[in-house]
Amino acid sequence: METNLCVAGFGGQGVMTLGKFLASAACDATGKNVTFFPSYGAEQRGGTANCFVVISDGMIGAPLGDVMDDLIVMNGPSLSKFLKTLKPGGTLFINSSIVEEGDVDREDVKLVKAPVTEMALDMGSAKVLNVVMLGVYVGYTEVVPPEVVWETIEHKLGSKPKLLPLNRRAFEAGLKLGREQR
């Protein structure tokens with residue numbers, strides 16, 4: 001079994017952090033092979049950013065990014081750029097605070113809507129929208145056990161303990177939303 005995921009959005013939306021958290025959790029929690037491949041646009045904050053995460057039972061040749069099982073898009077330009085890479089029957093996760101459902105012009109994919117920007121702002125900080133989306137993805141796919149993903153987040157943010165309560169709420173809210181849409 002192999003899962004190919006692309007995460008895409010504007011720089012500053014935590015796209016790379018989301019991918020790193022997932023890849024680290026998969027490495028720590030499973031006996032699977034994992035790759036993480038980042039790609040930045042010309043500018044970082046406000047420019048385009050995307051990453052590929054591959055989680056596989058077997059060897060991984062290279063994360064080519066041409067056929068995705070799952071796609072997370074945090075903004076409209078990312079939807080336009082990467083939707084064609086999502087295989088038929090794949091799952092599209094959209095930040096429905098920014099990306100309109102009507103912009104998705106494919107009926108051969110599963111759509112998971114998550115208003116992560118709105119949810120993060122309601123929690124008090126737009127900086128956790130990536131953690132909300134990570135929760136949605138893990139809650140929906142169960143690709144990695146949620147408790148292991150949280151342990152990874154906790155470890156990575158360990159030097160900033162003040163950030164943990166908000167990130168925990170964000171992750172839990174995302175998990176709940178992802179599970180509800182299964």
Side-chain angles (χ1 to χ4, degrees), residues 3-26 36-55 63 65-66 68-87 90-106 109-141 143-144 149 152-153 156-157 163 166-167 169-181:
T3 300
N4 289 277
L5 167 68
C6 174
V7 184
F10 290 129
Q13 287 184 308
V15 166
M16 299 303 168
T17 301
L18 188 164
K20 286 178 192 175
F21 284 165
L22 183 63
S24 292
F36 169 77
F37 186 79
S39 177
Y40 299 91
E43 315 86 25
Q44 286 193 343
R45 185 164 294 279
T48 60
N50 61 280
C51 65
F52 300 96
V53 178
V54 180
I55 302 170
D66 52 353
M68 297 290 106
D69 299 299
D70 298 324
L71 173 62
I72 296 173
V73 293
M74 301 295 238
N75 61 9
S78 296
L79 178 68
S80 299
K81 182 174 182 177
F82 292 103
L83 184 57
K84 64 185 173 288
T85 68
L86 186 60
K87 73 178 187 179
T91 307
L92 172 62
F93 298 80
I94 63 169
N95 175 0
S96 60
S97 297
I98 296 174
V99 179
E100 298 288 326
E101 181 180 354
D103 295 339
V104 179
D105 61 357
R106 289 187 54 187
V109 298
K110 294 172 251 167
L111 179 62
V112 177
K113 299 179 286 186
V116 296
T117 300
E118 185 180 323
M119 291 171 71
L121 290 172
D122 287 348
M123 290 179 202
S125 175
K127 292 181 179 182
V128 295
L129 70 92
N130 60 333
V131 176
V132 176
M133 185 60 91
L134 177 59
V136 171
Y137 182 73
V138 171
Y140 185 87
T141 64
V143 68
V144 178
V149 176
T152 299
I153 295 169
K156 298 286 185 186
L157 297 179
L163 300 178
L166 177 59
N167 278 274
R169 282 195 356 248
F171 185 64
E172 293 293 332
L175 277 175
K176 182 177 186 281
L177 183 59
R179 289 172 175 151
E180 288 171 351
Q181 294 192 54

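The model shown is predicted, which means the values in this text are computed figures rather than measured ones. Hydrogens, waters and symmetry mates are skipped; everything else that's a heavy atom, side chains included, is used.
Residue Val53 comes nearest to Gly19 through the heavy atom pair CG2-O, 3.7 Å, listed as atom of the first residue, atom of the second, then distance. Across all non-hydrogen atoms, the minimal contact from Leu177 to Pro115 is CD2-CD, 4.0 Å. Arg179 and Gly139 make their closest contact through CG-O, 3.5 Å (heavy atoms, listed as atom of the first residue, atom of the second, distance). Nearest heavy atom pair, residue Ala49 against residue Val15, reads O-CG1, 3.9 Å. Closest non-hydrogen pair, Tyr140 versus Lys110, comes out as OH-CD, 3.8 Å. Residue Cys51 comes nearest to Pro38 through the heavy atom pair CB-CA, 3.9 Å, listed as atom of the first residue, atom of the second, then distance.
Annotation: the span from Glu172 atom CD to Asn167 atom CG amounts to 11.5 Å, rounded to 0.5 Å. Once rounded to the nearest 0.5 Å, the distance linking NZ of Lys81 with CG of Asn50 reads 5.5 Å. With rounding to the nearest 0.5 Å, the separation of CG in Leu86 from SG in Cys6 is 9.5 Å. Rounding to the nearest 0.5 angstrom, the gap separating the CZ atom in Phe171 from the CD1 atom in Ile153 is 5.0 Å.
When Ile72, Leu71, Val54 are each tested for a side-chain contact (heavy atoms from CB on, under 4.5 Å) with Leu5, only one passes: Ile72.
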Report task. Take Gln13 and Ile98, measure what side chain to side chain contact (heavy atoms under 4.5 Å, CB included) needs, and give me the verdict at the end. Result -> CA-CA 12 Å; Gln13 287 184 308; Ile98 296 174; 3.9 Å; yes

Requested in this report: List the steps and the verdict of side chain to side chain contact (heavy atoms under 4.5 Å, CB included) for Leu83 and Asp105.
Outcome: CA-CA 9 Å; Leu83 184 57; Asp105 61 357; 3.4 Å; yes

**Report entry** Check against side chain to side chain contact (heavy atoms under 4.5 Å, CB included), Phe10 and Met74
**Finding:** CA-CA 7 Å; Phe10 290 129; Met74 301 295 238; over 6 Å; no

Query raised in the report: Between Phe93 and Thr141, does a side chain to side chain contact (heavy atoms under 4.5 Å, CB included) hold up when you go through it step by step?
Result: CA-CA 11 Å; Phe93 298 80; Thr141 64; 3.8 Å; yes

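Two residues are said to be in side-chain contact when any heavy atoms from C-beta on lie closer than 4.5 Å; Val143 and Leu22 meet this criterion.
Sorted by first then second residue, the side chain to side chain donor-acceptor pair (under 3.5 Å) pairs that include residues 113-124, not counting sequence neighbours, are Asn95-Thr117, Glu101-Lys113.
Checked for salt-bridge contact, Lys176 and Glu180 meet the test: a charged N lies under 4.0 Å from a carboxylate O.
Of the possible polar contacts, one joining the Asp69 side chain to the Asn4 backbone as a donor-acceptor pair under 3.5 Å is found.
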List the atom pairs, donor and acceptor, that lie under 3.5 Å between side-chain atoms in residues 123-138 and the rest of the protein, sequence neighbours left out.
unit_1, atom_1, unit_2, atom_2, d
Ser125, OG, Lys127, N, 3.2
Asn130, ND2, Gly14, O, 3.2
Tyr137, OH, Asp70, OD2, 2.6

